[in-house]
Amino acid sequence: ALSRDFQAGQQQSALLDRPAGTPEQQARIAALEARDAELTRALESALSDETEADFLLTLRRLTAALHDGHAGVNHAELDAGLGGLPLMFSMVEGTLVVTASEIDAVLPGDIVVSIDGLPAAEALADEEAYVSGSPQWKRYRALLAIGRGKVGTSAQVVLERDGTTSDVSLDRRPEMPPAEDRPPQIGELEPGIWYVNLDTAPWPEIQENLDAIAVARGVVFDLRGYPK
């Protein structure tokens with residue numbers, strides 16, 4: 001395996017030394033250079049990491065650069081004590097919005113201005129930086145992780161509703177965030193308009209309604225979650 005890795009490294013180095021050729025070759029060279037740059041950054045960061053938590057973040061940044069939804073780094077001990085907020089979020093036209101809440105003081109539709117003093121967009125971008133995968137997968141995972149911290153600690157959240165801001169202190173907990181209210185997993189929302197939740201609707205039930213779906217004026221295929 002080491003021999004194969006060495007040979008592959010030699011081939012990549014030779015490729016980088018060649019003059020740029022076709023667009024495909026240029027793209028390949030750019031990808032190799034980007035990969036090498038990420039590895040260099042990770043090695044430099046690892047040298048200065050002082051704790052296991054620091055090193056865990058370094059590894060997660062490195063795997064995020066792969067843009068592979070199956071890549072990730074976990075630490076059972078460090079991850080075990082983390083919890084999230086009793087809220088579900090979504091990005092709506094560039095704004096972080098609450099879509100489900102188990103707290104009376106927070107309502108679906110509330111705009112998140114900041115979390116622990118960090119503007120909402122920055123907080124979300126920070127979480128996405130540690131997720132590997134497509135932009136959609138990074139966003140999905142980051143929305144679940146935003147605001148996470150040690151169970152029992154509190155997050156200070158600034159919300160906006162009808163133009164008025166308010167400060168809310170929310171305790172972090174180990175449970176999953178609340179689910180959004182959605183229509184039944186498959187059905188007709190109104191005459192001629194069908195809804196299919198591809199994350200939860202079983203295939204046999206979809207098959208039973210295929211004829212009606214095929215002639216519908218419109219169909220909403222809900223891809224949120226992890227469609228089968």
- Same apolar cluster (I L V M F W Y, side chains within < 4.5 Å links), Leu210/Trp194: yes

- So CG of Asp126 and CG of Leu118: to nearest 0.5 Å the spacing works out to 5.5 Å

- Message: Quick one, Asp54 with Arg60, criterion salt bridge (Lys or Arg N to Asp or Glu O under 4.0 Å). Give me CA distance, side-chain angles, the key distance, then yes/no.
- Response: CA-CA 10 Å; Asp54 293 337; Arg60 285 177 173 169; over 6 Å; no

- Item | Nearest non-hydrogen partners of Lys138 and Gly133, listed with the distance | CD-O, 3.5 Å

- Query: Can any side-chain N or O of Thr63 pair as donor or acceptor with the backbone N or O of Ser132 at less than 3.5 Å?
  - Reply: no

- Taking only Lys NZ, Arg NE, NH1 and NH2, and the carboxylate oxygens of Asp or Glu, determine whether Arg172 and Asp116 approach each other closer than 4.0 Å. yes

- Any donor-acceptor N/O pair, Arg217 side chain to Pro191 backbone, under 3.5 Å: yes

- Does some side-chain heavy atom of Leu56 sit less than 4.5 Å from a side-chain heavy atom of Leu78? yes

- Note on the structure: For Ala64 and Ala129 the tightest heavy-atom approach is CB-O, 3.3 Å

- Item | Residues Arg35, Glu38: salt bridge by 4.0 Å N-O rule | no

- Message: Are Gln156 and Ile115 packed together at the side-chain level, in the sense that at least one heavy-atom pair is separated by less than 4.5 angstrom?
- Response: no

- Atom pair CZ/CG of Arg224 and Leu143 - distance to nearest 0.5 Å: 11.5 Å

- Query: Shortest non-hydrogen contact from Ala216 to Gly192?
  - Reply: CB-O, 3.5 Å

- Please report the closest heavy-atom contact between Lys150 and Leu82, naming both atoms and the distance. N-CD2, 4.1 Å

- Verify the cluster assignment for Val92 and Leu144: are they in a single hydrophobic cluster under the rule of side-chain heavy atoms below 4.5 Å apart? no

- Message: With a 6.0 Å cut-off (strictly less than), is the heavy-atom count around CD of Gln207, excluding the residue itself, greater than 12?
- Response: yes

- Joining Ile, Leu, Val, Met, Phe, Trp and Tyr whenever any side-chain heavy atoms lie under 4.5 Å apart, the cluster holding Val113 also takes in Val158

- Show the numbers, then the answer: is there a side chain to side chain donor-acceptor pair (under 3.5 Å) between Glu160 and Thr165? CA-CA 4 Å; Glu160 179 182 331; Thr165 59; over 6 Å; no

- Backbone N or O of Arg41 within a donor-acceptor pair of the Ser45 side chain at under 3.5 Å? no

- Task: Just do the side-chain contact (heavy atoms from CB on, under 4.5 Å) check on Asp110 and Val97 with the steps written out, would you?
- Result: CA-CA 6 Å; Asp110 285 351; Val97 176; over 6 Å; no

- Atom CZ of Arg141 with >12 non-hydrogen neighbours under 6.0 angstrom: no

- Not counting sequence neighbours, list each pair that qualifies as a ring-ring contact (aromatic ring centres under 6.0 Å, His included) and has a residue in residues 89-148. Trp137-Tyr140, Trp137-Tyr226

- Query: Between Glu122 (side chain) and Pro119 (backbone), is there a donor-acceptor pair under 3.5 Å?
  - Reply: no

- Going hydrophobic residue to hydrophobic residue with side-chain gaps under 4.5 angstrom, can you get from Leu85 over to Val151? no

- Side-chain heavy atoms of Leu223 within contact of Asp199, under 4.5 Å: no

- Task: For Asp181, look at atom CG and say whether over 12 heavy atoms of other residues, nucleotides or ligands are found less than 6.0 Å away.
- Result: no

- For Leu39, the hydrophobic cluster (side chain heavy atoms closer than 4.5 Å, chained through members) also holds Leu43

- side-chain contact (heavy atoms from CB on, under 4.5 Å) evaluation trace for Met88 with Val98: CA-CA 6 Å; Met88 178 67 81; Val98 176; over 6 Å; no

- Any side-chain heavy atom of Glu205 within less than 4.5 Å of one from Gln185? yes

- Kindly check if the number of other-residue, nucleotide or ligand heavy atoms within 6.0 Å of CD (Glu50) is above 12? no

- Return the minimal non-hydrogen interatomic distance between Asp222 and Arg182, and the atom names on each side. OD2-NH1, 3.5 Å

- Is it possible for you to say whether Trp203 and Ile213 belong to one hydrophobic cluster, with membership spreading through side-chain heavy-atom contacts below 4.5 Å? yes

- Query: Among pairs that include at least one residue of residues 83-102, which meet side chain to side chain donor-acceptor pair (under 3.5 Å), considering only residues two or more places apart or in two chains?
  - Reply: Thr99-Glu180, Glu102-Arg173

- Task: Show your working on side-chain contact (heavy atoms from CB on, under 4.5 Å) between Val112 and Leu159 and close with a plain yes or no.
- Result: CA-CA 5 Å; Val112 182; Leu159 301 169; 4.0 Å; yes

- Task: Identify the two heavy atoms, one from Ala120 and one from Ile146, that lie closest to each other, and give their separation to 0.1 Å.
- Result: O-CD1, 4.2 Å

- Report yes or no: do Asp49 and Thr58 form a side-chain donor-acceptor pair below 3.5 Å? yes

- Approximate separation, where rounding is to 0.5 Å, of Ser134 OG and His67 NE2: 10.5 Å

- Item | Val196 vs Ile206 side-chain heavy atoms within contact, under 4.5 Å | yes

- ILVMFWY cluster membership beyond Leu189 - transitive side-chain contacts under 4.5 angstrom: Ile193, Tyr195, Val220

- Task: Please go through Leu62's hydrophobic cluster and name the other residues, only I, L, V, M, F, W, Y counting, with side-chain heavy atoms under 4.5 Å joining them.
- Result: none

- Query: Is Ile186 linked to Val215 within one hydrophobic cluster, defined over Ile, Leu, Val, Met, Phe, Trp and Tyr using a side-chain heavy-atom separation of less than 4.5 Å?
  - Reply: no

